[in-house]
Amino acid sequence: GQTRAFMAPPDTLDAFWMWRTEVSQDPVARAVAHARLGQIEQTLAALETAHAARNRRLAFVHLLPEFRMLASHPRFQQIAPFANPPDPQI
């Protein structure tokens, strides 16, 4: 495998999420970090990478609060078909 240089975690919350986008091997974890930073395009790109790799964690992305802002986005709906579950009152 490839060896990565150790990067110490940063001291601010935004810097932490930026650090996570750089060091995370998992595209879903990167997507969470990008979403926390408000980076919609990068979030969707990371989720699409996870989808192409058939990442099993995608089964739960519709439950994560970081992705609520994407629930109506067409690209997110293709990645996570449960993003907009039917209304339980119907």
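For clarity, every value in this text was computed on a predicted model and none was experimentally measured.
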Practice task
In sequence, state the C-alpha distance, the side-chain angles, and the governing distance for E41 and R75, and then conclude on side-chain contact (heavy atoms from CB on, under 4.5 Å).
Solution key: CA-CA 10 Å; E41 184 59 36; R75 284 170 64 192; 2.9 Å; yes
Handout entry: Partner residues of Q42 under the side chain to side chain donor-acceptor pair (under 3.5 Å) criterion, sequence neighbours left out
Key =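 Partners of Q42 by the side chain to side chain donor-acceptor pair (under 3.5 Å) criterion come out as none, since no residue qualifies.
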Exercise for the section: Going by the side chain to side chain contact (heavy atoms under 4.5 Å, CB included) test, name the single residue among I79, V61, L44 that passes it with F67. Expected result: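 So, applying the side chain to side chain contact (heavy atoms under 4.5 Å, CB included) to F67 and each of I79, V61, L44, only V61 qualifies.
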If I take atom [atom1] from residue [X] and atom [atom2] from residue [Y], how far apart are they, to the nearest 0.5 angstrom?
X   : Y   : atom1 : atom2 : result
F76 : M69 : CZ    : CE    : 9.5 Å
R30 : H34 : CZ    : NE2   : 7.0 Å
T49 : N55 : OG1   : CG    : 10.0 Å
L37 : E66 : CG    : CD    : 11.0 Å
I40 : H73 : CD1   : NE2   : 7.5 Å

Problem - Over all atoms of both residues, closest heavy-atom pair of V28 and A50 - result: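 What the structure gives for the nearest pair is CG2-CB, 3.8 Å.
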